[in-house]
Amino acid sequence: MEPVAGIERRNQSTAQEFILLGFPGNQQLQISLTVVFTTTYVLILTGNVAIIALVMAHPYLQTPMYFFLCNLSFLEIWYTTACVPKAIAVFLGKSRAIPFLSCILQMYFVFSLGCTEYFLLSVMAYDRYLAICYPLHYSVLMSSTKCTHLAFLCWVSGFLVITIPSSLIATMSFCNSNVINHFSCTTDSLIFLSCSDTSMVKLSSLILSVLIILGSCLITLASYILIISTIVRIPSAQGRQKAFSTCSAHLIVVIMWYGSTIFLYVRYTKQNVLDMNKFINILNTIITPLLNPFIYTLRNKEVKEALSKAFSRMWS
């Protein structure tokens, strides 16, 4: 008879691959999801590439605000690319399987880019705070060197902090089912499938979520409270309108992004809401990245002027 310990080791082995469930349903649902995700993905790529190209082509747009906006657009391109193409393959039924290493890497890149976005949004709020509250000293306080350092710090920090939960998840054992109830690899889905002790993973994920999500959210909110208090004291109605127009676009993105991610990640227990998590994840996987370029474009006079000039040259 095989020893019990040997059976446990065999049953609690590391999974070789996982199966992404996606959204179970008939073929019509899968085709609809494929069309929506594909169309949205193309628009995300087009919109964010257009913003980067506009800023690079027009010297008057090469300011700190647009420098950080380019970083955000570049991030959104890779954030969606990390999970949307695989999700489309899942909906088509072509490739539901994902190797263990690929699953861990997908989770690492998606969450690293997500953390980088929190930091970037905080820096963008801080930039607007300096521009509106200290306009005479803005060029010194937010020099090109400082912009580069802040952006670099956002990217490095975002990719470093996620190594802790990712390395813990990579060492977990998985037993019974290898079906992930999602269209991509997420921490809560992998924790749900694990037969290892997941308390350390849950605790580290919760601590990081509170520090990164709520911490950056507080910085952003504090910046906007100070910005609004300054704007209402501007004597010129035109000046107030310009300041509100610049900040409102960023604030819309911030509310959408933080609202969905606080619900998803600032909780200790998540297994009971896996189905709901999938729908909420759509918001920050394709909806927010899609709206970012349009919000910043439609609510920003300088970007609209740059677009108008670009179209004029194209058709002339």
Side-chain angles (χ1 to χ4, degrees), residues 13-50 73-117 158-159 162 165-166 169-170 172 174-194 257 260-261 264-265 270-271 273-293:
S13 59
T14 300
Q16 296 300 312
E17 68 175 17
F18 294 105
I19 305 297
L20 295 171
L21 188 62
F23 290 92
N26 57 34
Q27 189 176 8
Q28 186 176 354
L29 173 63
Q30 304 307 315
I31 293 173
S32 300
L33 287 169
T34 301
V35 171
V36 169
F37 270 65
T38 303
T39 304
T40 307
Y41 181 55
V42 171
L43 290 173
I44 289 169
L45 294 182
T46 304
N48 285 291
V49 168
S73 292
F74 182 75
L75 182 149
E76 298 287 24
I77 290 169
W78 291 108
Y79 180 79
T80 52
T81 300
C83 55
V84 172
K86 181 62 181 178
I88 293 171
V90 170
F91 300 146
L92 289 172
K94 301 293 184 181
S95 178
R96 292 184 181 272
I98 182 169
F100 175 79
L101 181 59
S102 299
C103 187
I104 297 297
L105 286 174
Q106 184 191 56
M107 179 193 68
Y108 172 74
F109 280 108
V110 168
F111 283 92
S112 294
L113 291 166
C115 282
T116 304
E117 182 154 355
F159 277 80
I162 297 302
S166 295
I169 290 173
M172 292 193 311
F174 299 91
C175 50
N176 300 322
S177 175
N178 67 335
V179 177
I180 294 177
N181 186 18
H182 211 288
F183 54 83
S184 65
C185 294
T186 61
T187 53
D188 48 330
S189 297
L190 291 173
I191 288 171
F192 181 72
L193 295 179
S194 176
W257 177 255
S260 59
T261 53
L264 285 171
Y265 303 118
K270 306 172 186 175
Q271 286 94 326
V273 288
L274 288 178
D275 286 322
M276 187 181 297
N277 284 359
K278 284 193 294 185
F279 290 99
I280 301 297
N281 246 309
I282 292 176
L283 185 63
N284 55 18
T285 300
I286 59 172
I287 303 301
T288 304
L290 172 66
L291 292 179
N292 277 353

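- Contact between Ser166 and Tyr108 at its shortest, heavy atoms only, is OG-CD1, 3.5 Å.
- The structure places OG1 of Thr38 at 7.0 Å from CG of Leu92, a figure rounded to the nearest 0.5 Å.
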Open item on the list: Run Phe159 and Leu113 through side-chain contact (heavy atoms from CB on, under 4.5 Å) and show every step you take.
Closed with: CA-CA 7 Å; Phe159 277 80; Leu113 291 166; 3.9 Å; yes
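- Between the side chain of Thr39 and the backbone N or O of Val36 there is no donor-acceptor pair closer than 3.5 Å.
- Using cut-offs of 30° and 60° on the angle between ring planes, the pair Phe18 and Phe174 is perpendicular.
- Of all the heavy atoms in Val110 and Tyr79, the pair that sits closest is O-CE1, 3.4 Å.
- In this structure, the side chain of Thr116 engages the main chain of Ser112 through a donor-acceptor pair within 3.5 Å.
- Put simply, SG on Cys103 and CD1 on Ile19 are 10.5 Å apart, with the number rounded to the nearest 0.5 Å.
- Looking at residues two or more places apart in sequence or on another chain, you find a side-chain hydrogen bond (donor to acceptor under 3.5 Å, both in side chains) between Ser73 and Asn48.
- Note that CD1 of Ile282 and OG1 of Thr288 are 11.5 Å apart. Values are rounded to the nearest 0.5 Å.
- Using modelled atom types, one side-chain atom of Gln106 and one backbone atom of Ala82 make a donor-acceptor pair closer than 3.5 Å.
- Proximity of a side-chain donor or acceptor of Ser189 to a complementary backbone N or O of Cys185 within less than 3.5 Å is not detected.
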Open item on the list: Please determine whether side-chain contact (heavy atoms from CB on, under 4.5 Å) holds for the pair Phe183 and Thr285, giving the CA-CA distance in whole Å, both sets of side-chain angles, and the decisive distance to 0.1 Å.
Closed with: CA-CA 11 Å; Phe183 54 83; Thr285 300; 4.3 Å; yes
Task: Pair Ile180-Phe192, side-chain contact (heavy atoms from CB on, under 4.5 Å): steps then yes or no - done: CA-CA 9 Å; Ile180 294 177; Phe192 181 72; over 6 Å; no
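- A donor-acceptor pair is defined here as one N or O able to donate and one able to accept, closer than 3.5 Å; no such pair exists between the side chain of Glu76 and the backbone of Leu290.
- For the residue pair Leu29 and Pro24, the shortest heavy atom distance occurs at CD2-O, 3.7 Å.
- Of the N and O atoms on the side chains of Tyr41 and Thr81, at least one donor lies less than 3.5 Å from an acceptor on the other residue.
- In this structure, CE in Met107 is found 4.0 Å from CD1 in Ile169, a value given to the nearest 0.5 Å.
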- [ ] Test Ile162 against Phe109 for side-chain contact (heavy atoms from CB on, under 4.5 Å), laying out the working first.
- [x] CA-CA 9 Å; Ile162 297 302; Phe109 280 108; over 6 Å; no
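- Counting all heavy atoms, side chain and backbone alike, Thr34 lies closest to Gln30 at OG1-O, 2.7 Å.
- Checked by atom type and distance alone, the side chain of Asn178 pairs as donor or acceptor with a backbone atom of Glu17 at under 3.5 Å.
- In terms of heavy atoms, Thr80 sits closest to Ile77 at OG1-O, 3.1 Å.
- Nearest heavy atom pair, residue Thr186 against residue Asn281, reads CG2-ND2, 4.3 Å.
- To the nearest 0.5 Å, atoms CZ (Arg96) and CZ (Phe91) are separated by 9.0 Å.
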